[in-house]
Amino acid sequence: MLDRTQDAAVRNAAFDWLRAQVDQHGDVLPRTLLAAGLTLNGVRVPLLGPQGIFKPKVLSAAPLSITTAPDGPYDDAFGPNGLLRYRYRGTDPDHADNRRVRVAMRERLPLVYFHGVVPGKYLPAWPVFVVGDDRRGLTFTIAVDDARHIWSGAVSGVHDDRDSGRRQYVTAAVRQRLHQRAFRERVLDAYRHQCAFCRFRHAELLDAAHIVPDAEEGEPTVRNGLALCKLHHAAFDRYFVGVTPDYVVQVRPDLLHEKDGPTLVHGIQALHGARIAVPRKAGDRPDRHSLERRYQTFRRA
């Protein structure tokens, strides 16, 4: 039986704790942190477990979170209405975990959705609601909502079916963020969390740069990415520097002769003719055709 008071206390505490972790660590969190969770009234509350549908012991009837594995589908996880399709636990619609998700749908309880971006790292989205149940297709439909609109501190009655348009908009924004964060994490992992140009290793100042830009239909894949520090990402995007298909950095000719301070000398000019660091796995290394396309744009610029 659902204990609404206890349920609301746990979910509020979990949401507040998640917000604090994202503020401190960024919006991609390690599994170890999430599995350890928070302590509420002396009781440990993990936020996820071995199975995708997770209910901690302190909750009586419905799960706290649902999780997608890092190697799970991307676009296939979203239906034509733009909402998330979440697979049942197993193939039995009446498995205990699936019944618990239906409790969350019936009682309009907010959950946390953890999307695995790389092994051991997850991007959380909350609050999410279960808004559909397809027993034949073995899937639930999940919508992300905006806490500013629907979360007032009480669980019951916060879910409004008239707000489906807003939920589709918020879910689409989360979907885009999943793509961006997954691209960054996978590229940084491939480059061993260092800048491909200067080997700078502080992740807070590293980006995943597209070789062929988004605007030119560049794919968010590791082979279309370079791990770059903030300075060299900006220099690459603005064609101060280019990279040949043979992985050699070229500096714009006029910059080679410009006189300025140590940033230009050591941060830009010193790169000319150097080979970039590439991933150890051959299948993760920059695609030479994409580099050639980008390099020709650099030469024209």
Side-chain angles (χ1 to χ4, degrees), residues 1-23 29 31-68 83-90 92-115 122-135 138-164 166-167 170-171 174:
M1 180 178 294
L2 177 66
D3 181 339
R4 286 195 174 276
T5 301
Q6 172 71 0
D7 191 279
V10 172
R11 293 179 198 277
N12 273 302
F15 292 173
D16 288 345
W17 182 85
L18 267 176
R19 190 173 297 109
Q21 302 312 308
V22 167
D23 288 344
L29 301 175
R31 183 181 182 89
T32 51
L33 178 69
L34 300 170
L38 66 144
T39 299
L40 179 64
N41 299 325
V43 178
R44 189 172 72 88
V45 183
L47 269 69
L48 49 69
Q51 305 299 333
I53 298 170
F54 177 68
K55 182 186 76 65
K57 292 180 180 179
V58 294
L59 290 181
S60 58
L64 175 61
S65 68
I66 54 177
T67 301
T68 298
L83 300 182
L84 176 70
R85 293 182 301 202
Y86 192 81
R87 294 285 299 177
Y88 280 8
R89 168 80 183 274
D92 178 6
D94 292 315
H95 186 284
D97 281 350
N98 299 328
R99 294 200 307 270
R100 292 184 182 112
V101 175
R102 291 192 189 96
V103 173
M105 181 174 69
R106 183 179 67 247
E107 300 295 333
R108 301 175 175 180
L109 302 177
L111 311 174
V112 181
Y113 170 56
F114 291 112
H115 184 90
Y122 294 82
L123 189 150
W126 78 91
V128 306
F129 289 92
V130 186
V131 296
D133 180 11
D134 180 2
R135 294 176 71 96
L138 302 177
T139 57
F140 295 106
T141 302
I142 308 296
V144 189
D145 216 326
D146 187 337
R148 291 173 301 177
H149 290 279
I150 57 82
W151 189 248
S152 60
V155 172
S156 179
V158 298
H159 175 87
D160 189 344
D161 290 334
R162 295 173 299 179
D163 290 335
S164 60
R166 186 186 70 243
R167 282 202 220 90
V170 175
T171 305
V174 168

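We count residues from 1, following the sequence as given.
Phe140 and Asn98 get closest at one heavy-atom pair: CZ-O, 3.6 Å. Across every non-hydrogen atom of Phe129 and Pro110, the tightest pair is CE2-N, 3.7 Å. Scanning all heavy atoms of the two residues, the minimum distance from Arg87 to Thr139 falls at CD-CG2, 3.8 Å. Closest non-hydrogen pair, Val112 versus Pro124, comes out as CG1-CB, 4.3 Å. Here the closest heavy-atom approach between residue Leu2 and residue Glu107 is recorded as CD2-CG, 3.7 Å.
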One pair to check against side-chain contact (heavy atoms from CB on, under 4.5 Å): Leu84 and Val144. What are the steps and the verdict?
CA-CA 8 Å; Leu84 176 70; Val144 189; over 6 Å; no
CA sep, side-chain torsions, deciding dist, call: Leu59, Arg11, side-chain contact (heavy atoms from CB on, under 4.5 Å)
CA-CA 9 Å; Leu59 290 181; Arg11 293 179 198 277; 3.9 Å; yes
Walk me through whether Leu34 and Leu18 qualify under side-chain contact (heavy atoms from CB on, under 4.5 Å).
CA-CA 9 Å; Leu34 300 170; Leu18 267 176; 4.0 Å; yes
Test side-chain contact (heavy atoms from CB on, under 4.5 Å) applied to Tyr86 and Ile53, step by step:
CA-CA 10 Å; Tyr86 192 81; Ile53 298 170; 3.9 Å; yes
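Side-chain contact between Val130 and Ile142: present, with at least one pair of heavy atoms (C-beta onward) separated by less than 4.5 Å. Trp17 has its side chain out of reach of Leu40: every pair of non-hydrogen atoms, C-beta onward, lies at least 4.5 Å apart. Within the 4.5 Å cutoff, the side chain of Leu38 has heavy atoms near those of the Leu47 side chain.
Of the charged side-chain nitrogens involved, none lies within less than 4.0 Å of a carboxylate oxygen, so that Asp7 and Arg4 do not count as a salt-bridged pair.
For the 3.5 Å distance criterion, the side chains of Thr68 and Tyr113 qualify, holding a donor opposite an acceptor.
The CZ atom of Phe114 sits 10.5 Å away from atom CD1 of Ile66, with the distance rounded to the nearest 0.5 Å.
Judged as a side-chain hydrogen bond (donor to acceptor under 3.5 Å, both in side chains), and not counting sequence neighbours, Arg99 has no contacts. Applying the side-chain contact (heavy atoms from CB on, under 4.5 Å) criterion to Val43, with sequence neighbours excluded, gives Val58. Remark: Arg31 pairs with Tyr122 by the side-chain hydrogen bond (donor to acceptor under 3.5 Å, both in side chains) rule, at least two apart or across chains. The ring pair (Phe, Tyr, Trp, His ring centres under 6.0 Å) check on Phe54 picks up nothing, with sequence neighbours excluded. Considering only residues two or more places apart in sequence or on other chains, Asp3 meets the side-chain contact (heavy atoms from CB on, under 4.5 Å) condition with Thr5, Gln6, Ser60. With sequence neighbours left out, Arg100 forms a side-chain contact (heavy atoms from CB on, under 4.5 Å) with Lys55, Pro63, Ala96, Asp97.
Listed by first and then second residue, the salt bridge (charged side-chain N to carboxylate O under 4.0 Å, His left out) pairs that reach into residues 124-135 are Asp94-Arg135, Arg102-Asp133, sequence neighbours excluded.
Open room surrounds CG on Asn41; 12 or fewer heavy atoms of other groups in view lie less than 6.0 Å from it.
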